[in-house]
Student: 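This is the structure I want to talk about, given as structure tokens.
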Amino acid sequence: MEVHLPVVLAPLAGYSDLAYRRICRELGAGFAATEMLLDRTVLSGRTDCKRLTAGHPSDHPLAGQLIGSEPEDLAAAAGRLDAMGMDVIDLNFGCPVRKVLRRGRGGRLLGDADRAVRIIRRVKEATGRPVTIKLRRGLTEDDDGSVCLNIAAEARKLGVAAVRVHPRSVEAGYRGRADWSFLGRVRREFPDWTVIGSGDVLTPRDALRMLGETGVDGVAAARGALGNPWFFAQVARLAEGGELEPPALCEQAAVLRRHFAYAVEVHGPRQACRRMRSFGIRYSRMHPSPKAIRAAFVAVRRPEDWQRVVEEFYDDDSDWLTG
Ligand SMILES: Cc1cc2nc3c(=O)[nH]c(=O)nc-3n(C[C@H](O)[C@H](O)[C@H](O)COP(=O)(O)O)c2cc1C
């Protein structure tokens, strides 16, 4: 089977920062996105925005993902991301977080198609970079998908480069199964447009299955790639008929050390420890003794703690594998 698009790293709030993107790219991700960036935060130029938009020469092509509700603010923020050197501007019309919805942002825009289209139009006018959009199947469970398809059709007419669809309703959040048949429907509706599928791509096999079953051009790895930056290479290996092999502990150790070092560069030691604790929990799933390693990562407070956990639990000569 041929993988037409590289499997891309999805935007992941709290995770897809420069440090993790660098790690994923070193291990095979060809395209990545920032976590969602509130338009007003981008416009404020505050320190948290600087950290979240931090760049690196190896971190391309990169999509900067924006969330907001006002066409003018989003257009101004898109111009700012463009000037920072983001290669693509991605608009989030899918986030199901309650606070986001209350402010008319993210998935709420699936209940206000006119506004969504106005946002797309203004953002397109404000940047010469390719613009992409992220949609869910609909706002509520009884939505038949027509609003999503209507917004997609308008976006296509306005010259949006690609659409990424997570085929759950906003109301469903992460409950139930992602309805991959809807991805097939989007594919059939827009045969000449780049469609990226998202939702329940939890293993490399899921990625190949989504490509095969739905006909989408590419797959966004989200939860499946959290703590498994080897995901991208694993998909490629499977597609070539190879076996799925977990990385050796010494390889995991090297990545854990590098990821931590990159996180310190971006966030400084204190923030890096906080961010990396969540990652440690995710990484622990790859370890033969996940429970012990999880607890050890949760207890990390200082950079030395992180180094000690890696040394203690990821030494190939230890008896973790046999004992
Ligand atoms: C922790 C977390 C953070 C996320 N942050 C974002 C985000 O910032 N922007 C976005 O468009 N989607 C975000 N998503 C949604 C994912 O990109 C993806 O669409 C969703 O998780 C479904 O894919 P999956 O079932 O393969 O994880 C997030 C998901 C998770 C689990």
Side-chain angles (χ1 to χ4, degrees), residues 7-18 20-21 24 29 31-39 41-42 48-49 51-53 62-68 74 77 81 86 88-101 105-110 116 119 131-138 148 151 162-170 172-180 182-183 186 195-211 213-214 216 218-229 231-232 234-235 275 277-279 281-283 285:
V7 178
V8 303
L9 176 64
L12 287 161
Y15 293 95
S16 65
D17 60 2
L18 173 60
Y20 196 52
R21 295 195 305 267
C24 288
F31 185 81
T34 66
E35 50 196 287
M36 59 185 176
L37 307 164
L38 181 61
D39 50 4
T41 307
V42 171
D48 50 345
C49 169
R51 278 193 285 105
L52 295 176
T53 56
L62 174 66
Q65 189 188 62
L66 284 172
I67 192 158
L74 280 156
L81 292 185
M86 300 277 171
V88 171
I89 308 298
D90 186 49
L91 296 172
N92 182 319
F93 298 142
C95 180
V97 172
R98 213 171 294 158
K99 198 170 97 184
V100 167
L101 299 178
R105 301 168 181 151
R108 186 69 193 80
L109 287 153
L110 286 169
I119 289 170
V131 173
T132 57
I133 56 172
K134 156 86 177 279
L135 297 169
R136 280 196 176 224
R137 197 198 71 216
C148 169
I151 295 175
V163 62
R164 188 158 37 87
V165 180
H166 178 187
R168 280 188 175 91
S169 70
V170 174
Y174 286 87
R175 287 190 309 279
R177 302 274 311 155
D179 173 11
W180 287 9
F182 186 70
L183 293 177
V186 179
V195 177
I196 311 282
S198 177
D200 293 345
V201 181
L202 303 180
T203 67
R205 280 185 212 288
D206 292 336
L208 292 184
R209 218 163 40 79
M210 180 184 272
L211 286 165
E213 286 178 18
T214 69
V216 291
V219 165
R223 287 175 295 175
L226 277 181
N228 180 11
F231 192 96
F232 309 92
Q234 287 171 338
V235 175
R275 281 214 158 210
R277 269 204 298 276
S278 319
F279 266 113
I281 292 165
R282 307 279 182 170
Y283 275 116
R285 289 178 306 175

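Values in this document were obtained by computation on a predicted structure and should not be read as measured data. Ligands are counted one by one from 1 in listed order, and the atoms in each one are counted from 1 as well.
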Student: Show the atoms of ligand 1 that are less than 4.0 angstrom away from any heavy atom in A13.
Tutor: 3 (C), 4 (C), 5 (N), 6 (C), 7 (C), 8 (O)
Student: Measure from atom 11 (O) of ligand 1 to every heavy atom in Q65, R164, E35, H166 and give the option owning the shortest one.
Tutor: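 Shortest heavy-atom distance from atom 11 (O) of ligand 1: Q65.
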Student: If I apply the N/O under 3.5 Å rule, does D200 come out as touching ligand 1?
Tutor: yes
Student: Near R223, which atoms of ligand 1 are under 4.0 Å from a heavy atom of that residue?
Tutor: 24 (P), 25 (O), 27 (O), 31 (C)
Student: How far is atom 16 (C) of ligand 1 from its nearest protein heavy atom, and which residue and atom name does that atom have?
Tutor: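 Heavy-atom neighbour on the protein nearest atom 16 (C) of ligand 1: A222 CB, 3.6 Å.
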Student: Of the non-hydrogen atoms in V7 and F231, which two are nearest, and what is the gap between them?
Tutor: CG1-CE2, 4.2 Å
Student: Nearest protein heavy atom to atom 18 (C) of ligand 1, by residue and atom, and its distance?
Tutor: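 Sorting protein heavy atoms by distance from atom 18 (C) of ligand 1 puts S198 OG, 3.3 Å first.
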Student: One thing to verify: whether D200 and R168 come together as a salt bridge, which I'm taking to mean a side-chain N less than 4.0 angstrom from a carboxylate O.
Tutor: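 A salt bridge links R168 with D200.
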Student: Which of the numbered atoms in ligand 1 are under 4.0 angstrom from any heavy atom belonging to N92?
Tutor: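 What qualifies from ligand 1 is 9 (N), 10 (C), 11 (O).
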Student: State the atoms of ligand 1, each with its element, that fall below the 4.0 Å cut-off from a heavy-atom position in M36.
Tutor: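 The atoms of ligand 1 under 4.0 Å from a heavy atom of M36 are 8 (O).
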Student: Looking at V201, which atoms of ligand 1 are within less than 4.0 Å of one of its heavy atoms?
Tutor: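 In order of number, 26 (O).
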Student: Hey, what's the ring geometry for Y15 with F279, parallel, tilted or perpendicular (30° and 60° as the breaks)?
Tutor: perpendicular
Student: State if G199 counts as touching ligand 1 under the rule of any non-hydrogen atom under 4.0 Å.
Tutor: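 Checking ligand 1 against G199, which is what was asked, there is a heavy-atom contact under 4.0 Å.
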Student: Which heavy atom of A225 sits nearest to which heavy atom of L9, and what is that distance?
Tutor: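 Smallest interatomic distance, heavy atoms only, reads CB-CD1, 4.2 Å.
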Student: Measure the CE-CG distance between M86 and L66 for me, rounded to the nearest 0.5 Å.
Tutor: 8.5 Å
Student: Considering only heavy atoms, does K134 approach ligand 1 within less than 4.0 Å through its side chain, its backbone, both, or neither?
Tutor: side chain
Student: Only one of R275, R51, R21 passes salt bridge (charged side-chain N to carboxylate O under 4.0 Å, His left out) with E35; say which it is.
Tutor: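 It is R275, the one option of R275, R51, R21 that forms the salt bridge (charged side-chain N to carboxylate O under 4.0 Å, His left out) with E35.
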Student: Give the numbers and elements of all ligand 1 atoms closer than 4.0 Å to a heavy atom of A10.
Tutor: 17 (O)
Student: With the side chain counted from C-beta on, respond yes when N228 and R285 share a heavy-atom pair under 4.5 Å apart, and no when they do not.
Tutor: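 In short, these two side chains do not touch, never coming nearer than 4.5 Å.
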Student: Could you tell me if the side chain of R164 sits less than 4.5 Å from the side chain of Q65, heavy atoms only?
Tutor: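 Side-chain contact under 4.5 Å: yes.
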